[in-house]
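Shown next, in structure tokens, is the structure this report addresses.
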Number of protein chains: 2
Amino acid sequence: MNDKLTDRKKKVLQALVDSYITSVEPISSSDIQKRYLPEVSTATIRSELSHLEEMGYLIQPHVSAGRVPSSKAYRYYVDNFIIDDDIDLDAMKEYVARKYDSVAEIVKNGAKIVSDVTNYTSLLMISNSDTLTIKDVKLVDMYDGTALVLIITDSGVIKDKEIQLPTSEDNYIESANSLLGKCFAGKTLSQILSTHVDLDSELNAFKQIFEDVIDLLGEYKKSRDGQLYVEGANKIFDYPESKNYDNVKNFMTIVGKKDKLKELMSDEGNIEFSIKIGAEEGEGLDNMALVSAKYHVKGKEVGQLGVIGPERMDYKRVLTVLKHLGKLIDKLDD
Amino acid sequence: MNDKLTDRKKKVLQALVDSYITSVEPISSSDIQKRYLPEVSTATIRSELSHLEEMGYLIQPHVSAGRVPSSKAYRYYVDNFIIDDDIDLDAMKEYVARKYDSVAEIVKNGAKIVSDVTNYTSLLMISNSDTLTIKDVKLVDMYDGTALVLIITDSGVIKDKEIQLPTSEDNYIESANSLLGKCFAGKTLSQILSTHVDLDSELNAFKQIFEDVIDLLGEYKKSRDGQLYVEGANKIFDYPESKNYDNVKNFMTIVGKKDKLKELMSDEGNIEFSIKIGAEEGEGLDNMALVSAKYHVKGKEVGQLGVIGPERMDYKRVLTVLKHLGKLIDKLDD
DNA sequence: TGTTAGCACTCTCCTATCTTGACTGCTAAT
DNA sequence: ATTAGCAGTCAAGATAGGAGAGTGCTAACA
């Protein structure tokens, strides 16, 4: 991995990727000369191109065609040429302000906004339950010896279910409530599910309730863990790539495979942005790229928002949009 | 619309549709002779075919090709040749029993089951709020003068939100609860939203709460009305039809257009099954068909479940699956 | 040593032409 | 009314030629 590129090689590479991103056609030496490097001859550019090809940055579909960037070139491009300046900030802000007027809607429609603004398919993944804190657990008296279990978190009530009460004593619910609050409040879902609550020594009368509540939490965790929403999967038909049947099928297949997408989106570590490009990622993401960012509500990480599209996507625009939407969501209060 | 077909014409038509459903290639006179009518000559079948074509049942892609059924033929086929016997009942039952073990899951995964078993894309539409009855509305005391509003329906708690209490009087919540129950219990969402609750004459102190609750109900109605889930959109790639780019695009486009799908699914009247075939339905459903059925939980209509796929779909299988799943869901208790 | 002009070479893409095979529609006989 | 036989039509595949695009190489030059 020797990425010592001369200045002119860098320029050529950037020019080629830039051109390709918009035209989606193999780029020839004269294309580059005309629009980016008029001061040197096409022959010179050709020799640079063939050198870059040797180094693995470019691919030539056939001998008399221009060149196309390889995954390595895209990687180099996003690492070196994307200076993430804030050009689109105003447009974004205006967009958000105009179409949606409450934070709840912005969060809910986050994926839609990203998809609309970037014109790529967007992905929204709810963070897994490790980050979710239980604020309180409450029983609400219903009728005929049943009660409603409410699990209240920092983002609202998340699960409710009727359960049978083992007794109809008057203060049973009250006592249970205080005990439940004491045990669960302030903990994360994972903490609760991994620690064994030892109740036998305490009041055995509440054992059933506790088991029910823990079951409920487990159920919720299962249903929520890494839920993934896809928005705008049909954008593929707007790209020239869709003329190729295999591309469409690949794209739709991977967009349908939530597991694979989750795997791609869930990055270890604390990287705020992640960009996965084509072949880099092994099978499944050929000719495609996935850009994703963590996002926060009121300073707390709640999920990841990303974009999946052709490998030659407009990385600058996508990154800008994701970054600003992240900021907007984070800052706003409900 | 003269559908007086001779017995042999019927036989030929059925043979052709049957063949086409499995082969998805134009059917020739000799195909029909070999497999369905060896007792007559191909010439005879040809004359029947050309007669059926005149009548609008068949289409000839070009003069030296076989014939393909028209939408009219499919319509005739489902109306006359589908005797909905219960062949698949056992397989279905086993399937349901094996993979899912609670009703909640069956309902939730209804669309998935249908899609898996039929191998077509399935659609699930939640009935609109006209059929949803409010069982109770409750305020739950939280902290710092806020309360949680719970809207309880016959299918569980459907909406919750924190609101500010106008006062911190001790019995305020209790009084509000009884008043809310009195006003809303037993009514449908639409009833509540369409009738104006005249509170001024009663206790003015609860005015704000009522307005909040009604807002909440309105919000819920909006979010729930005719929600549509699509499962297995990628099945299209399993059909030979997907070799044609336009078919894929059409299919994906209509599957993406939730509004159009809702329109197609929401039948007036009390028809339990509805079958819409291709051109019959005007633009949008070309070369496709949509089969849908209302389904019930505990005897109450909760939505519609359907299948969308190529016009030449296996209607018999689809109808059988939908019918039995409907029965299974309806019968089971929670 | 780096750059350039010039040229031969390669390969895709388009078009035209031909052949083959699959069906049909028609006609005349049964 | 049914059938056999045959001529006619058309899609699809194969083949060939030509145009255009773009490269790699070589030799000359700064």
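In this text, all values refer to a predicted model and were calculated from it rather than measured experimentally. Reminder, nothing fancy here: chain letters follow the sequence lines and each chain counts from 1.
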Exercise. Separation of B:E53 atom CD from C:dT24 atom P, in whole Å?
Worked result: 10 Å

Exercise. Taking CD from B:Q60 and C1' from C:dG25, how many angstroms apart are they, rounded to a whole number?
Worked result: 9 Å

Problem set entry | Helix axis bend for the helix from C:dT1-D:dA30 to C:dT30-D:dA1 - C1'-based end axes, five pairs, 10° rounding | 20°

Pairs under 3.5 Å (N/O, protein and nucleotides 10-17 of chain D):
from, atom 1, to, atom 2, distance (Å)
D:dC10, O2, B:S64, OG, 2.9

Exercise. A:L52 CG to D:dT23 P: how many Å, rounded?
Worked result: 13 Å

Exercise. Does the B:S122 side chain pair with the main chain of B:V307, one donor and one acceptor, at a distance under 3.5 Å?
Worked result: no

Problem set entry | Separation between OG1 of B:T121 and NZ of B:K235, rounded to the nearest 0.5 Å | 8.0 Å

Exercise. Would a distance-only check, ignoring hydrogens and angles, find a side-chain to backbone donor-acceptor pair under 3.5 Å from B:S28 to B:D31?
Worked result: yes

Exercise. What residue among A:L285, A:I277, A:I21, A:D286 forms side-chain contact (heavy atoms from CB on, under 4.5 Å) with A:E311?
Worked result: A:I277

Problem set entry | Interatomic distance, A:L58 CG vs D:dT23 C1' [rounded to whole Å] | 14 Å

Seminar exercise, completed: Within residues 241-250 of chain A, those residues having any heavy atom closer than 4.0 Å to DNA chain C are none

Exercise. Is it the case that B:S41 and B:T44 place a side-chain donor and acceptor less than 3.5 Å from each other?
Worked result: yes

Between N or O atoms, less than 3.5 Å apart, protein on one side and nucleotides 1-5 of chain D on the other: list the pairs.
from, atom 1, to, atom 2, distance (Å)
D:dT2, OP1, B:R8, NH1, 2.9
D:dT2, OP2, B:R8, NH2, 2.8
D:dT3, OP2, B:S41, N, 3.1
D:dT3, OP2, B:S41, OG, 3.4
D:dT3, OP2, B:T44, OG1, 2.4
D:dG5, O6, B:R46, NH2, 3.4

Problem set entry | Set of ring pair (Phe, Tyr, Trp, His ring centres under 6.0 Å) partners for A:Y20, sequence neighbours left out | none

Exercise. Would you call the rings of A:Y77 and A:Y315 parallel, tilted or perpendicular, where under 30° means parallel and over 60° means perpendicular?
Worked result: tilted

For this session: Whole angstrom is fine here: how far is it from CZ in A:R67 over to P in D:dA21?
Result: 18 Å

For this session: Indicate yes or no: does A:E48 engage A:K11 in a salt bridge with an N to O separation below 4.0 Å.
Result: no

Problem set entry | Close side-chain approach of B:I254 to B:L264, heavy-atom, < 4.5 Å | yes

Exercise. Hey, mind stepping through B:L58 and B:L13 against side chain to side chain contact (heavy atoms under 4.5 Å, CB included) and telling me if it holds?
Worked result: CA-CA 9 Å; B:L58 302 180; B:L13 185 55; 4.0 Å; yes

Problem set entry | Whole angstrom value for the distance that separates P of D:dT23 from CD of A:E54 | 16 Å

For this session: Report yes or no: does A:S23 contribute a side-chain atom to a donor-acceptor pair with the main-chain N or O of A:S19 at less than 3.5 Å?
Result: yes

Seminar exercise, completed: The correct set of residues in residues 17-31 of chain B placing a heavy atom under 4.0 Å from DNA chain D is none

